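Throughout, protein chains are lettered first and strands after them, A, B, ... in sequence-line order, and every chain is numbered starting at 1. Fair warning: this is a prediction, and the values are worked out from it, not measured in the lab.
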Amino acid sequence: MPIIRVALNVPVDTLFDYQAEDVSKDDIGLRACVPFGKKQVTGIILAVSDETQIPIEKLKSAHGIFREIKPLPAALLDLFHFCSQYYHHPLGMVILNGLPVKLRNNKPVNLKRKPAQYQYSLTSSGKNVAVTQIPARNRVARRLLGEFQQTETLTSLQIKHISPRAEKLLQDWIQLDWITAKFCSTAAVARVAEIPVLTAEQEVAVNAITADAKQFNTWLLHGVTGSGKTEVYLRIIESVLVQGRQALVLIPEISLTPQLEGVFRARFSTVPLVSLHSGLNDTERLTGWLQAQRGEAKIILGTRLAVFTPISDLGVIIVDEEQDSSFKQQDGLRYSARDLAIFRARQSAIPVILGSATPSLESYYNALTGRYRHVRLLSRAVQNATLPLIQCIDTRINKTQEGLSGPLIQALDRCLQKKHQSLIFINRRGYAPVLLCKSCGWTAPCQRCSSRLVVHLRDKKLCCHHCGHQELFPRACPQCGNQDIAPFGQGTQRVEETLTADFPTARILRIDRDSTRRKHAWQEILHAVHTHQVDILIGTQLLAKGHDFPNLSLVGILNADGALYSTDFRASERLFAQLMQVAGRAGRANVAGHVLIQTEFPDHPLYQALQRHDYDALAQTLLAERKMAGFPPYVYQALLRAEAHHIKTVLDFLAQAAQLAHPPQTVELFDPVPAHMTRLKGLERAHLLVQSSSRKHLHAFLTGWYAKITTLPSQKVRWVLDVDPLEF
DNA sequence: AGCACGCCGACT
DNA sequence: GTCGGCGTGCTC
């Protein structure tokens, strides 16, 4: 009887052999349900053979093979294989983690007929209906209409997503002539929205990429905020769709999916699109995955996990905001979706486009050295729009009160009078970052992490932003008993309080994780901002990403200096990218943008470069520093991370691992050190850095070392290899 | 990862 | 005398 070799979701890097009837090589990539120990599990068939190394008495028979869906394509299995090897993670775990949950269980996929896909479009009379015409208690109807008025067209699936009850309203609305319905089954490339004329730069970019669309190339699409990178994506996707091929678009955050999805649906209204992200439930995720695999979905839009979607006829991959660290998974399998996207593109002989206004230094360096092809968009695409004016406010001269300096308050006031919107950016949620005893200097610590508890005044609580721990305010200092304990420093809530006092008539809205936690909160907030129901926005980095605020003319930045004295060598790069992104929120259409940065170091090269919008100047400076210090992109790194209840256990383990390493001369092994955040969620963490100027040598070394570490008695230590680490 | 096997401390 | 602690090792 033939043997199938199955990858299972277990932390050992071996395949498990089973006897199976009626199997052939065509079954590679199918799911098989097999007995494993006392349990039944489902894995993926990776090989079919007549032989096995396993003694016959140990060999069991597979319970069954699922044939209701097509096998995983060979290319996807290759991707998993590469991922397993490159990141040194067991193959079975890589594969099963990359599949939708519904494919991991012992059940066949339920292929019940999916509901007919209709597409509903808002009519011109529908556009004129005011949301207030709908009684406020009819919340679903209000939300649905609001959604229609934002994106104009919605599919049955999207509507179901808004609310299961929303579908009931549609027939009435068709009667009222607010919307029209049409069946969508074809994938015709029909563009409905008004198509902007390309700028000369955009045209050069589009032509260059489409002219070379038949082979693998990594393109760095390097365009300032507002230069119209999205339009370049759209044109390239269009050329791929015309050939009947599919496009994969990766974006950093779930919160950006609706926005980009709206753009795509408006442009390619009849083209089936799926979006895949962690906000979907298991069924939705499986449905989207299957549509992509069957080739029905032509545009696959998603966060990093979407890089593992089977796509039968991929024509292009786009990675938007490629510098964003959320493309790197920070637990378990620590893969970079951006780097895997490049592997996939090479494998499929198609272009991959990395888009950014502030590329990662790695990508920029690759573009400079010619590994990547560099296309630049230097001017804003919208007519009349100029780059915002960026200035520093020297807080050594202009002292701040409650975190706000005089010039910033005055600028806010002028902005209010002109009825423009303004934004205060402060990357710290809560009321104040610490609770301080003024007599002995005690600050409230987290018991489980090496961090300070953040003051959340509204619910009279202290919160740890790392582990979620909450506790009540102490009445007095637990160290010296003094009652003079008070919040110290600024967070979004405190800035909100201060500004409310300073501008009592202004409409102020705070946007951070605390205010957007509620379902649909984001949609409501964006709607309020777009319809100018808000004068001053206060927000964290949530605000920095992607969203267009057309009425925004002033951005104030508080407390950015912290990153300048960070020990993380990537802190400057990240700060620059983040500030550039926030600055880009100002002055989109006809309103000139103004950005004011409160800092004690206005002469710092980072702020100097920012004021001149000069990414290249800063990038060159940082690259020179990295070269001198021997940091990426001039070396390749890997981190052996370990955690346990006691730091000694961790350091002993790392010391043992270092002992059996025996690195070649080209690979440098550093001493174990405690992690930046030594305690996290009750565990102590440390790591050991390995680096080399040769990726090949580093990888070869890691492979051997990984095998040796696996044999160590791991006691109570949890460890992982983090290849190309971003955080230390 | 689970789950069993296995060898040492406090309990009805 | 046992119940159960979690260290070690295996799963085709």
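Protein atom CG of A:D17 is 12 Å distant from nucleotide atom C1' of C:dT11, rounded to whole Å. In this structure, A:I4 atom CD1 and C:dC12 atom P are separated by 13 Å, rounded to whole Å. Nucleotide C:dG9 holds its P atom 13 Å from the CG atom of A:L712, rounded to whole Å. As a whole-Å value, the separation of A:L15 CG from C:dT11 P is 15 Å. Atom NZ of A:K39 and atom P of C:dC12 are 12 Å apart (whole Å). For the pair A:K716 NZ and C:dG7 C1', the interatomic distance rounds to 9 Å; values are reported in whole Å. Across the protein-nucleic acid pair, A:Q40 atom CD and C:dT11 atom C1' stand 15 Å apart, rounded to whole Å. Rounded to whole Å, the distance from NE2 on A:H645 to P on C:dG7 is 12 Å.
A:V6 comes within 4.0 angstrom of nothing in the nucleic acid, heavy atoms only. Counting any heavy atom pair closer than 4.0 Å across all strands shown, A:F36 reaches a base atom.
Between A:R104 and A:D282, no side-chain nitrogen of the basic residue sits less than 4.0 Å from a carboxylate oxygen of the acidic one, so the salt-bridge criterion is not met. With respect to the salt-bridge test (charged N to carboxylate O, under 4.0 angstrom), the residues A:D512 and A:R428 do not qualify. Ion pairing between a basic and an acidic side chain is recognised when a charged N comes within 4.0 Å of a carboxylate O; A:R570 and A:E362 show such pairing. The pair A:D324-A:R304 does not meet the salt-bridge criterion, since no charged nitrogen lies less than 4.0 angstrom from a carboxylate oxygen.
Between A:H88 and A:H699, the ring planes are tilted. Angles from 30° to 60° get that label. Relative orientation of the A:F569 and A:F728 rings is tilted, given thresholds of 30° and 60° on the angle between their planes.
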> Are A:R31 and A:E68 close enough, and set up right, to give a salt bridge (Lys or Arg N to Asp or Glu O under 4.0 Å), and what steps lead you there?
Replying inline: CA-CA 10 Å; A:R31 301 192 301 138; A:E68 77 287 9; 3.2 Å; yes
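Nearest-nucleotide assignment on DNA chain B puts the 5′-proximal partner with A:V10, out of A:K38 and A:V10.
A:E322 and A:S360 form a side-chain donor-acceptor contact under 3.5 Å, judged by distance and modelled atom types alone. For the residue pair A:S566 / A:D568, no side-chain donor-acceptor distance below 3.5 Å is found, with atom types taken as modelled. Side-chain polar atoms of A:T567 and A:H676 form a donor-acceptor pair below 3.5 angstrom.
A heavy atom closer than 4.0 Å to some atom of DNA chain C occurs in no member of residues 77-105 of chain A. Residues from residues 51-60 of chain A placing a heavy atom under 4.0 Å of any atom in DNA chain B do not occur.
For A:S84 (side chain) and A:H89 (main-chain N/O), a donor-acceptor pair under 3.5 Å exists by modelled atom type.
Using a 4.0 Å cutoff to heavy atoms of chain A, the contacted part of DNA chain B runs 5' to 3' from B:dA1 to B:dA4.
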